[in-house]
Amino acid sequence: MTIQFLGKTLKNPMVLASGVLGNSHDILERVHKNGCGLVTMKSIGPKPRDGHKNPTVIDLGCGMINAVGLPSPGYLNMENEWNDLEKRDFPIIASVYGGSVREYQMVAEFVSSKKPDFIEINISCPNSEKHGMIFGVNAQSSHDVVSAVKNVIKVPLIAKLSPQALDIGEIAMACEDAGADAICAINTLGPGMVIDIESKMPVLAFKKGGLSGPMIKPVAVRCVFDIYKAVKIPIIGLGGISNGKDAIEIIMAGASLVGIGSAVKYGGINVFQKVTDQMDTWLRDHDLSYEDIIGAAHRKG
Ligand SMILES: Cc1cc2nc3c(=O)[nH]c(=O)nc-3n(C[C@H](O)[C@H](O)[C@H](O)COP(=O)(O)O)c2cc1C
């Protein structure tokens, strides 16, 4: 199966989610060779940033809690990554974040000059300008950052949204109105907290963290469903996807592409081919095409 997405041909609808495998060219290339249609780089920030202290990621069985804290060398300190990016022969999304509209714009403009296939803005992370608020939970600030970035980049723009928004459809509409070419949803859910009752301490050094993996799938499906109702631009749906039936479910909610993050940690990089094969089998057994099922849950009942 090949897929058309914003003018690019992808070998399948699978997307590596941002952040779970870092930014090493060799790893991202291996993920693509092992069956992933489109890979996303880890979010790149305006300045060097260490991230939070360990432990930063804990497996909870039903998914993970993490407070990695957006570690980044800063976009001006990534010469190797930028050289590799220009030489690559597979499609890539570069993910960027900032602490203000101006920072998003600065990072995205620079990254655009390195010619990734797409730029994703992670507007689901806290920013300093508004005292820890998240750009993507407010329609006006989402609109501001999307339109500012759209003005300075030369590749299609994807806005990555947070499930914390009160009305994620409204946020998606603001992003579409400001010029976003696609929406990616969802980022991690939370913040949550897990306490070790023997030590009486939160398990994460940062105490609170975002949830991912199977436990957040129903929230991801609901968010994609609401976004599909609100906008015309395509959606990358992710959150707890780990097998073919999960992928079919989020496509029926309205996703055109399917992202996988935590399941890579659980199942290794072969998970992309496994999910694609399971989807293909299900579609063949039901005599349906991939296109038939996009948003199918909106057309019943
Ligand atoms: C350890 C870890 C690091 C992450 N880092 C980023 C990041 O840098 N940028 C981003 O947009 N999302 C980041 N995410 C969120 C994932 O891309 C994804 O949206 C989320 O985990 C839900 O998908 P999943 O349930 O398949 O993991 C991270 C998630 C995890 C678990």
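Note that ligands are numbered from 1 as they come in the structure, with each ligand's atoms numbered from 1 the same way. Only heavy atoms go into these numbers, but all of them, side chains included; no hydrogens, no water, no symmetry mates.
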Quick one about Asp292 and Ser289 (side-chain donor to acceptor, distance below 3.5 Å, no hydrogens or angles considered), yes or no?
yes
Of all the heavy-atom pairs spanning Ser43 and Asn122, show the shortest one and how long it is.
OG-ND2, 3.3 Å
Do Phe225 and His298 have side-chain heavy atoms sitting under 4.5 Å apart?
yes
Going by heavy atoms, is Ala263 under 4.0 Å from ligand 1?
no
N/O of Gly261 under 3.5 Å from N/O of ligand 1, yes or no?
yes
Tell me, which protein residue and heavy-atom name are nearest atom 14 (N) of ligand 1, and how many Å apart are they?
Ser18 O, 3.3 Å
shortest atom 1 (C) of ligand 1-to-protein heavy-atom contact is with Val68 CG2, 3.8 Å
Please state which protein non-hydrogen atom is closest to atom 12 (N) of ligand 1 and give its distance, to 0.1 Å?
Lys160 NZ, 3.1 Å
Counting non-hydrogen protein atoms only, what is the nearest one to atom 3 (C) of ligand 1? Give residue, atom name and distance.
Gly19 O, 3.7 Å
Backbone or side-chain N or O of Glu120 under 3.5 Å from ligand 1 N or O
no
For ligand 1, find out whether one of its N or O atoms is nearer than 3.5 Å to an N or O atom of Gly213.
yes
What atoms of ligand 1 come closer than 4.0 angstrom to any heavy atom of Ser262?
24 (P), 25 (O), 26 (O), 27 (O)
Lys265-ligand 1 polar pair, N/O distance under 3.5 Å:
no
Using every non-hydrogen atom in the two residues, find where Pro46 and Glu103 come nearest and quote the distance to one decimal.
CG-OE1, 3.3 Å
List ligand 1 atoms under 4.0 Å from Asn122, heavy atoms only on the residue side.
9 (N), 10 (C), 11 (O)
Got an N/O contact under 3.5 Å between Ser95 and ligand 1?
no
Can you see which heavy atom on Ile183 is nearest to which on Ile158, and at what distance?
C-CG2, 4.0 Å
For a 4.5 angstrom cut-off between non-hydrogen side-chain atoms, does Met64 reach Tyr266?
yes
With a 4.5 Å limit on heavy-atom distance, are the side chains of Met78 and Lys114 in contact?
no
Looking at atom 2 (C) of ligand 1, what's its closest protein heavy atom, distance included?
Asn66 ND2, 3.8 Å
Top protein contact for atom 8 (O) of ligand 1, by heavy-atom distance:
Lys42 NZ, 2.9 Å
What protein heavy atom lies closest to atom 21 (O) of ligand 1? Include the residue and the distance to one decimal.
Ser212 CB, 3.3 Å
Leu166 vs Val137 side-chain heavy atoms within contact, under 4.5 Å:
no
Could an N or O of ligand 1 be found under 3.5 Å from any N or O of Met64, whether backbone or side chain?
no
Quick one, Lys217 and Ile241 - any side-chain contact, counting heavy atoms below 4.5 Å?
yes
Per the side-chain contact (heavy atoms from CB on, under 4.5 Å) rule, which among Val107, Ile153, Leu157 passes with Ile121?
Leu157
Answer yes or no for Leu189: is there a heavy-atom contact with ligand 1 below 4.0 Å?
no
Would you call Arg284 and Asp280 a salt bridge, using N to O less than 4.0 angstrom?
no
Which of the ligand 1 atoms, numbered from 1, are nearer than 4.0 Å to a heavy atom of Ala17
17 (O)
Atoms of ligand 1 less than 4.0 Å from Leu70 heavy atoms?
8 (O)
A student checking ligand 1 against Gly239 at a 4.0 Å heavy-atom cut-off should list atoms 22 (C), 23 (O), 25 (O)
Among all protein heavy atoms in this structure, tell me which lies nearest to atom 9 (N) of ligand 1, with the distance rounded to 0.1 Å.
Ser43 OG, 2.7 Å
Looking only at distances, can you tell me whether any N or O atom of Gly240, backbone or side chain, sits closer than 3.5 Å to an N or O atom of ligand 1?
yes
Nitrogen or oxygen of Thr188 less than 3.5 angstrom from that of ligand 1
no
